[in-house]
Amino acid sequence: MPVQLLKIIKGKSESPLPSHLPEDLKHLQEGFDHTNKYFQGIVLLSYPLMKLEDGTDFFKIVLQDLNDLCSRINSINILIYGKMAEDCARVIRPGDTSIVTGFKVAKSPTADEDGRHSCHLEVSEEAGSAIYVLIEFFLLFPNFIMLFQRVAPKYMYTSLDQLKDGTIVNLYGVVKFFKPPYVSKGTDYCSIITLVDPSNVKLTCTLFNGNLDSLPKIYKVGDIVRFHRIKIREYNGQMQGVTSMGFASLTFDGTVGAPVVPRTSSKVYTFMDEEQKTIEELRVWAASNLSISGPAAKLSGVQPMLFFDLTCQLVGKAKVDGSSFLLKVWDGTKCPYPTWKVPVEARDLEGEKAVLHQLRNLTVDILVYDNHVQLAKSLKVGSFLRIYSIHTKQASGDDEVGSHIEFHLHGGTCYGRGIGVLPESNPDVKELKAFLESVDLAGSQNMESMSSVEFDGTFSNITDLESQLQRCQQLPVTVLTDHQDLNNTELKTILNSPAPQQYRIRAKLRTYKPQKLHQALKLHCSKCNSLQEVPDGDDFDFILQGSAVTVPNPELQSASWYDSATWTTQDQKQRKIAIHFVKHDEMLQQPEDTLLMIEGGTLKEVWKLTQRFKCVIPVRSTENDLELLDLSAPFLLQGNIKYYGCKLCSTPKPIKNLSSIAAEQRPSWEPTEIAQVLGIEPLQYVFIMRFTLVDGTGAVNAYLFDYEKFFQIPPSEILSNNFLQQKMQMTMNTLCPPGRKLDDLPWLECFIKSYNVRDATKHQVYYQIFDTTVAEDVV
DNA sequence: TTAGGGTTTG
């Protein structure tokens with residue numbers, strides 16, 4: 001089954017009046033418009049898939065509204081018909097968080113018996129419904145993001161030359177012409193939009209909605225739209241698009257290279273990297289096939305007798321008479337001609353008196369007429385506007401000042417005449433604001449910096465230490481795991497014997513190195529036998545920052561074996577993040593079973609992802625493939641463990657080799673297996689210490705290479721686990737209590753082996769502890 | 001239902 005990611009962003013909405021909110025049960029009523037609304041709940045129950053009399057598949061689930069647990073009725077029946085029933089029955093399980101969109105509300109015939117909501121929701125593919133299942137929360141990104149998996153086939157998009165009368169389709173198009181939403185003579189706002197696409201066919205759409213916010217947020221010719229469920233009709237021998245039930249739109253900036261961030265009032269929309277690709281392709285097509293006017297005129301550049309679009313800030317407004325309304329605006333530049341001032345009563349002028357006075361030489365008066373008056377009245381002083389097709393009219397000077405320029409927004413909507421409110425996130429508004437303020441107020445976002453945890457100096461309290469000591473004076477604090485039949489050998493004998501040999505000893509730990517235990521942790525390559533320090537968080541951060549410069553390659557978004565989601569951060573850096581979720585059997589898995597690859601993430605983001613997903617692999621885009629970062633960075637993160645590869649012994653292989661593991665029946669994502677397919681020679685975490693052991697006959701320095709057996713602490717986990725750090729310190733305090741005389745030290749039972757190390761100039765015998773572990777009651 | 005793009009004019 002195809003998998004589609006859905007992104008829901010909670011937080012600051014682009015629109016000042018967000019209307020497409022999640023629906024709650026209280027407001028769910030038969031006969032009301034629930035277009036573009038969604039209902040989110042937990043699956044309380046699911047019934048077996050069945051067939052209706054006409055052969056239609058039918059599946060019923062019960063969703064509980066978690067936001068409204070106090071209400072007597074907080075659950076509702078969801079009736080799923082057709083192909084969608086089959087898909088849902090396969091995927092949806094009780095306990096899942098689920099979203100239903102495009103539903104029809106009908107009276108529930110079973111409400112009296114089951115005590116659930118008096119209505120039920122009917123969903124089917126034909127009705128344009130969709131059902132999603134939550135796969136993950138992302139709380140770490142600037143906006144709180146939830147990712148859902150769509151339980152239905154993908155949307156299909158129709159090219160503009162393939163449209164047929166009477167159909168409802170999904171389509172993409174580049175805006176060739178538009179009328180910003182205006183108040184129609186009926187009950188709704190209306191927006192006219194003409195689209196073109198690479199088939200070179202035009203489609204004019206007439207869109208209505210009672211809610212201004214539900215219409216596409218088009219700001220300029222060249223913007224790209226995606227329409228879902230638009231109805232195609234023939235009118236005057238041409239195809240025409242009109243709003244249908246469930247119509248939904250996304251609008252994207254059409255500038256090549258601009259971030260692909262959809263503008264929508266809908267807080268729920270499907271988000272796929274395939275679509276990002278489509279947008280980017282359309283941008284490129286439009287750049288060479290569509291004449292898009294350059295930057296809009298500034299007041300300083302206006303000419304008399306022209307029509308132009310102005311991006312500006314509203315400083316004041318006033319009613320003039322029944323059919324006209326005054327807007328006082330500025331764009332920071334000065335009009336080179338004398339401009340008229342529309343006489344209004346001071347009491348009718350709305351706006352900060354001080355600001356109006358301060359900017360009196362930079363503001364211009366724009367008189368708007370007829371159908372624009374209603375919208376003009378509703379504008380907020382201080383908001384940013386784009387006024388389309390303002391007429392600059394030269395008035396002959398019949399006063400002593402001479403001729404002046406007048407600004408009119410005539411009635412009607414010809415030539416896209418109208419007023420649009422731009423959100424503060426709009427790039428042109430950002431530019432204008434910066435210009436108006438001449439100060440950059442945007443503060444940089446400080447990500448909490450993370451450094452690796454050091455684990456020395458964590459002593460437990462003194463009472464614990466005393467009781468441990470008492471126990472240790474009687475029994476050995478270490479025990480043997482093998483070779484119990486061997487007899488003890490005195491250290492003096494060992495020192496006088498040739499190597500290599502193995503011995504059982506009974507000795508005391510006089511001292512050890514390093515005393516700072518975090519220094520004992522190393523990375524070891526079993527192939528070339530090299531040892532290295534564990535890189536700290538700053539090293540990794542540095543590499544991540546370096547790799548974030550490489551923008552994710554759109555060509556590599558979503559492949560047969562992974563689905564991708566991308567973000568652009570809302571801060572100044574506009575950093576691009578891509579997450580590639582590796583699929584199994586064409587499906588995304590539960591987060592705890594999922595391997596993902598991330599591009600452009602920060603240390604904190606990567607770390608957060610590791611807390612939720614089974615495996616995280618930081619990657620970057622090349623021209624043809626994703627690739628691992630520098631091997632100074634971990635090639636894999638699992639939970640709190642960073643896995644590193646040996647720089648000398650690794651020969652990185654293509655990332656797509658991971659797909660072979662993904663194709664296994666139950667991918668276990670073992671680090672060793674991942675390393676193997678990626679051509680990485682994994683480094684192992686190891687504690688390396690030097691124990692000075694004494695037994696009254698002599699002293700031996702013996703090395704401990706402990707992968708886990710001795711301390712029974714996985715070295716890979718110690719950096720992130722405070723408890724393990726304390727445990728290790730406690731163990732060492734028991735083996736070698738600080739400040740004690742030799743007589744008071746506990747006995748250790750150990751196996752040691754001697755070995756020769758020779759180089760050109762000298763020969764030395766070394767000793768290594770093996771098959772020994774700390775006694776059970778010590779750890 | 002509204003508007004159905006195409007040069008407005010106070």
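All values derive from a computational prediction rather than experimental measurement.
- Position along DNA chain B of the nearest nucleotide to A:Ser389 versus A:Tyr189 favours A:Tyr189 as the more 5'-ward residue.
- Within the structure, every side-chain polar atom (N or O) of A:Lys185 is placed at least 4.0 Å from both OP1 and OP2 of B:dT1.
- Looking at which nucleotide of DNA chain B each of A:Asp188 and A:Lys393 is closest to, the 5′-most match is held by A:Asp188.
- Here A:Tyr415 does not count as stacked on B:dG6, because the ring centres are not under 5.5 angstrom apart with planes under 30°.
- Between A:His410 atom NE2 and B:dG10 atom C1' there is a gap of 8 Å when expressed in whole angstrom units.
- One can place CD of A:Gln238 at 11 Å from C1' of B:dG5, the figure rounded to the nearest angstrom.
- Every pair passing ring pair (Phe, Tyr, Trp, His ring centres under 6.0 Å) that includes a residue from residues 306-328 of chain A is listed here, sequence neighbours excluded: A:Phe307-A:His391.
- Within the nucleic acid shown, A:Asp370 comes within 4.0 Å of at least one base atom, counting heavy atoms only.
- The residue A:Thr194 sits close to a base: some heavy atom pair falls under 4.0 Å.
- Residue A:Lys202 has no polar side-chain atom (N or O) positioned under 4.0 Å from OP1 or OP2 of B:dG5.
- In this structure, A:Tyr388 reaches neither bases nor backbone, as no heavy-atom distance under 4.0 Å exists between it and the strands shown.
- When the C1' atom of B:dT9 is taken as reference, atom CZ of A:Phe307 falls 7 Å away, rounded to whole Å.
- Side chains of A:Thr311 and A:Arg386: a donor on one and an acceptor on the other come within 3.5 Å.
- Between A:Phe178 and A:Tyr388, the ring planes lie perpendicular to each other; the angle is over 60°, past the 30° to 60° tilted range.
- Distance CZ (A:Phe407) to C1' (B:dG10): 16 Å, rounded to an integer number of Å.
- B:dT2 atom P lies 20 Å from atom CZ of A:Phe247, rounded to whole Å.
- Atom pair A:Lys176:NZ and B:dG6:C1' shows a separation of 10 Å (rounding to whole Å applied).
- The closest side-chain donor-acceptor pair between A:Gln313 and A:Ser383, if any, does not fall under 3.5 angstrom.
- Look at CZ on A:Phe208: it is 6 Å from P on B:dA3, rounded to the nearest Å.
- At a cut-off of 3.5 angstrom, the base of B:dG4 holds no donor-acceptor pair with the side chain of A:Thr204.
- In this structure, A:Gln240 atom CD and B:dA3 atom C1' are separated by 8 Å, rounded to whole Å.
- Contact check, A:Lys179 against B:dG4: a side-chain N or O comes under 4.0 Å of OP1 or OP2.
- The same atom, C1', is picked in B:dT9 and in B:dG4; the two are 24 Å apart, to the nearest Å.
- Aromatic ring centroids of A:His228 and A:Tyr157 lie under 6.0 Å apart.
- In B:dG5 the base sits anti relative to the sugar, since the glycosidic angle is further than 90° from 0.
- Residue pairs meeting the salt bridge (Lys or Arg N to Asp or Glu O under 4.0 Å) criterion with at least one member in residues 319-343 of chain A, sequence neighbours excluded, are A:Lys328-A:Asp365.
- Minimum atom distance to the side chain of A:Tyr369 is reached by B:dG10, of the listed B:dG10, B:dT2, B:dG4.
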